[in-house]
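Read through the structure below, which is laid out as structure tokens, and then see the notes.
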Amino acid sequence: MSTTDVTPATEGSREPSFRYTPALAQEIEQRWQDRWEERGTFHAANPTGALTGPGGAAATGSPFFIMDMFPYPSGAGLHVGHPLGYIATDVVGRFRRMQGDNVLHALGYDAFGLPAEQYAVQTGQHPRVTTEANIATMRRQLRRMGLAHDPRRTFATIDPEYVRWTQWIFLQIFDSWYDAEAVRADGGRGRARRISELRDELAVGTRAVPGYPAGTAWAGLSEVEQRDVVDAQRLAYVDESPVNWAPGLGTVLANEEVTADGRSERGNFPVFTKALRQWKMRITAYADRLTDDLELIDWPEKVKSMQRNWIGRSTGANVRFAAIGGGEVEVFTTRPDTLFGATFMVVSPEHPLLDEVPAVWPDGTKDVWAGGHKTPIEAVAAYRKAAAAKTAVERQADAGKKTGVFSGHLAVNPLTGTLIPVFTADYVLMGYGTGAIMAVPGGDERDYAFAKAFDLPVVYTVAPEGGLPEGFDDAWTGDGVTVSSPAPDAGDIPASDLVLNGLHVAEAKAATIAWLEQRGIGAGTVTYRLRDWLFSRQRYWGEPFPIVWDSEDRPVAIPEKMLPVDLPDVPDYAPRTFDPEDKDSSPEAPLGRNADWVNVTLDLGDGPKQYRRDTNTMPNWAGSCWYYLRYLDPTLTDGDAAVDPELERYWMGPRHNATSGVAGGVDLYVGGVEHAVLHLLYARFWHKVLFDLGFVSAVEPFGKLFNQGYIQAYAFRDAHGFPVPAAEVEGDEQTGWTWDGQAVTREYGKMGKSLKNVVTPDEMYEAYGADTFRVYEMSMGPLDLSRPWNTRDVVGSQRFLQRLWRNVVSEETGEVTVSDDAASTETLRAVHRTIADVTAEMEGMRPNTAIAKLITLNNHLTGLESVPRAAVEPLVLMTAPVAPHLAEELWSRLGHTESLAHEPFPVADAEYLVEDTVTCVVQVQGKVRGRLEVPPSISDADLQAAALAEPHVVKAMDGKPVRKVIVRAPRLVNIVV
RNA sequence: GCCCCGGUGGCGGAACUGGCAGACGCGCCCGACUCAAACUCGGGUUCCGCGAGGAGUGUGGGUUCGAGUCCCACCCGGGGCACCA
């Protein structure tokens, strides 16, 4: 290309004709974007198949798979905060490509889901129409940013060919069960196996029939009974159980989509617990692996701990307490060692023990226990009714207040033989553990509060930190971690043959569990907070289930050949919503509105039969659970699996030399922290099922995860509290802020239309160009930190690029001004120092400091009489990841005909990294008093002598004798007097 | 309440394993160019002090020859979890 095809910046001013202005930047940027696309510059080469590199090139270099959390194409459009992560991954990807890696980077669209559907309902257009329009807008905005994506590998989760594979994966999960004993490929125990293998084992009798008495013969069951047994084992199953129902949304939700205060994450509607027949996924079978394998991956500790908390594994013991009058109550406790102190029990209001209670209050019932009721039957019925009527919100609000009532049941503490009362109270949840607890008020705050409220005895069994409470004898020798049997005067507790005195908690737990197991009244066990994933939604805009229901009302898989099951045209795709508070309402699926679609005659292998289609759709998490696999080969339309195993092994297989390490997976996955327990947990679960079934070789889908921060913005409000356009506000921190002559107040937070503080990428392209925008976003601060957007500051990035341009091209003539004379040693040192630093900063994903070093070098070149080629070419190459268009343009003007995208990143020459002299700091009493220019190789003794002779140092020592000298040659000497 | 981050100039932020605090940028000040302004370019810019010098990384203690960095206690800000036995 020549220099003459550049449009000079005119604007009617006397600005130099060839200055790097926004207009010139835009021209350069669009030209290079077109060129990249024409040449396929960023095509990533697969090791096999049709997807080759630029010009049909084969795959070379180490595979590096980099990914963003793909966007949701909302109608609102992008603001400058959205692309931060995309620019960051682009910078990393471009850097790695220049280092010789085979970089796979593309972007798809997560396009099913509630907001798209709501937007469509509002605008009266079909969601497919609005969604595709939104995707087109977003593609345009993102292309204009110059992202080095492989354009052949983009897709949307709503594409029929994508839906086909989403449904296919569902069917794999449906066709699997979890064998906790089976050995899997990575050596651990427990994996998904095919349903056919379960049937075979049941048929030959090597596996007992679950849910039936031991010895039940499989052949003795009817066909329907057999199907029910098998269906109950599937990893995707239908189950009637209490689920989260949001009438205001018109759909049921997963636990992960409900906030702590009992509202829907989307829309903030109240959520009620309602028993409904719904699809679930058996994610609980993977609870241990989902916890343990966090150790294998390079993720932020914060996200790992959020997942650990969500899964909530706790180890302890189940203990059976015999109830008076027959039966028993099993409890779960994490502290079996405190069994001595269990002075009462509490069961959840939903606990089956309460279905039968004594007719009269037993002897010893205190008035406060009975709650004013004449009989336990009356008391328990009243309490259960009240508890059932409580909403999650009320229950949350009452947390801490202890309510409950005595059930009339008495049980025996197996360790002490003491009779203890069984209460029911809503602080015990049916959904956790066994729905019953042994209450140890001496060790548990909640139990203590309950004991105080109901006048129950308190027995301490563990020495608290900071000394012994009154009433304890010398058995308490510990420092807060010893346990003991209760002190002799702690209550009417008979002695036991289990003595824990003096043991540490862990030892005491183990001893108690051994004692319980020996007597067959308890066992060590593990409990999880995680519940199975509620997978069906009563919405239109999602993947239909590839399931039909037969005449026996049992689910039947649609054969793979018949996929995808497309969304039907329905008269009305709006969800059936209800009064948000109407908890008696029931979900109604929009897909049920098309009877012709629902009722079908299909030949599923045994002749044409009548079926009813499942009318649920999948949650929008389904599409994001496997999209990383789709990038590997988005053209795959048929075959036996959603991804070619060879491609998966190449891009994602376990490898020790990549950041993803032994677990394999995507090498770098960048996105917001908001998906810590939703998308990231669900995707790991699906991936592990696919691993068990042999479709993928990586143990984990995402080897390295990075959470980028958010770009936030200032918003301004007038005296009435109404937001005013932030762009028109004047003033600063000192003077205060005004808009249209009136004082306004400033606040800091999100960017949004309602706050009138949105800045769009399009505005940035127009006013500065994409490169300046990219450099600004990357130089604002560390990538994982949230920071405020300040349009005022963008000019700094523009000046940097302008100066870089001027170091190569004359603003007056447009001629390249670079000198081919040799560069000075000083300049070469600056260049190679910068190469070393920038490489390190880029490898550490710190573009902000990398840019600072680039600017420093550029400023150095600016000060030279003429800019040597040997200095500016490395600088241009190093700038390419952050400002690719300008770098390409300069590279081309410097006489290179190929794109620099695949040009090797500069490598520092060690010769120029050593200095002739270094500055040695001389401290007296730790304060800097003098400086010495010394050779780097100076000996400790020479340096000490020089330091002690330095005039400022001598003065500071003030004639005092030297007590000690610390020498860290060649950088530092500290003299102690 | 528990857990995890963070607190450095007027602002965004630098500072590798403890070793010159404030890189780079914004803003501001001074100067050059200009009739003038903008742009651009050069210089300065932690605070106090004319100066020598002194103080300084949320607060208070500690370890160390030496602490933004390590330890203890506390304050403030952000995030996560929260009656999970």
Side-chain angles (χ1 to χ4, degrees), chain A residues 11 13-16 19 21 260-261 300-306 308-310 312-314 316 331-335 338 346 348 395-396 398-402 425-429 431-440 443-447 449-450 527-530 673-674 676-677 732-734 775-776 779-782 784-797 799-800 802-803 806 811 837 840 844 846 848-856 858-859 862-863 919-931 963-968 971-977:
Chain A
E11 304 275 325
S13 68
R14 273 176 288 139
E15 204 162 57
R19 174 161 293 172
T21 58
D261 58 349
E301 201 44 51
K302 175 185 173 145
V303 176
K304 287 190 185 182
S305 87
M306 282 168 74
R308 276 189 211 104
N309 282 338
W310 188 262
R313 175 163 68 189
S314 51
V331 304
F332 171 73
T333 176
T334 56
R335 292 298 301 277
T338 63
V346 185
S348 140
R395 204 164 163 142
Q396 184 64 30
D398 290 348
K401 288 183 216 159
K402 292 290 173 285
D426 64 3
Y427 81 93
V428 174
L429 310 174
Y432 186 80
T434 61
I437 63 160
M438 62 177 211
V440 185
D444 184 285
E445 262 179 55
R446 296 152 304 177
D447 297 344
F450 194 86
T527 303
Y528 306 89
R529 202 184 88 109
L530 183 71
V673 74
E674 71 270 18
V677 288
D732 57 41
E733 274 94 355
Q734 265 100 56
V775 170
Y776 174 61
S779 60
M780 288 167 83
D784 54 0
L785 205 75
S786 293
R787 50 283 184 51
W789 176 269
N790 253 322
T791 302
R792 193 180 70 176
D793 294 353
V794 177
V795 68
S797 302
R799 285 179 191 150
F800 161 51
Q802 235 166 30
R803 280 195 271 254
R806 200 161 45 230
E811 287 190 336
D837 288 349
R846 293 181 297 270
N848 54 324
T849 46
I851 290 169
K853 313 265 184 203
L854 295 174
I855 293 174
T856 306
N858 193 47
N859 289 348
T862 303
T919 304
C920 175
V921 175
V922 185
Q923 300 177 329
V924 178
Q925 310 291 68
K927 287 185 201 285
V928 180
R929 296 297 180 180
R931 289 185 169 79
R963 296 221 319 257
K964 190 172 179 184
V965 182
I966 288 98
V967 182
R968 293 280 179 276
R971 294 278 177 194
L972 179 128
V973 176
N974 188 14
I975 299 160
V976 186
V977 293

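Everything quoted here is computed from the prediction, not taken from an experiment. Letters A, B, ... mirror the listed sequences (proteins, then strands); counts begin at 1.
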Between B/U46 and B/G10, how far is it from one C1' atom to the other, in whole Å?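 11 Å, rounded to whole Å.
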Using atom C1' in both nucleotides, what's the gap between B/G54 and B/G43 to the nearest angstrom?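 The answer is 27 Å between these two C1' atoms.
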Donor-acceptor under 3.5 Å (A/N848 side chain, A/M780 main chain): no
Looking at [N], does its base get a donor-acceptor pair with the side chain of [X] below 3.5 Å?
X: A/K401; N: B/C83; result: no
X: A/N974; N: B/C65; result: yes
X: A/R931; N: B/C20; result: yes
X: A/Q925; N: B/G66; result: no

From the list [options], which nucleotide is the closest neighbour of the side chain of [X]?
X: A/I855; options: B/U40, B/G42, B/C24; result: B/C24
X: A/R968; options: B/G19, B/A85, B/G79; result: B/G19
X: A/Y427; options: B/C83, B/G19, B/U40; result: B/C83
X: A/L429; options: B/A55, B/A85, B/A21; result: B/A85
X: A/P788; options: B/G54, B/G19, B/G12; result: B/G12

Can you check the A/L972 CG to B/G19 P distance for me, whole Å? 10 Å
Can you measure A/D784 atom CG to B/G78 atom C1' for me and round it to whole angstrom units?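 To the nearest whole Å, that distance equals 14 Å.
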Just name whichever nucleotide pairs with B/G49, Watson-Crick or G-U, keeping both distances under 3.5 Å, else none.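 Per the H-bond distance test, none.
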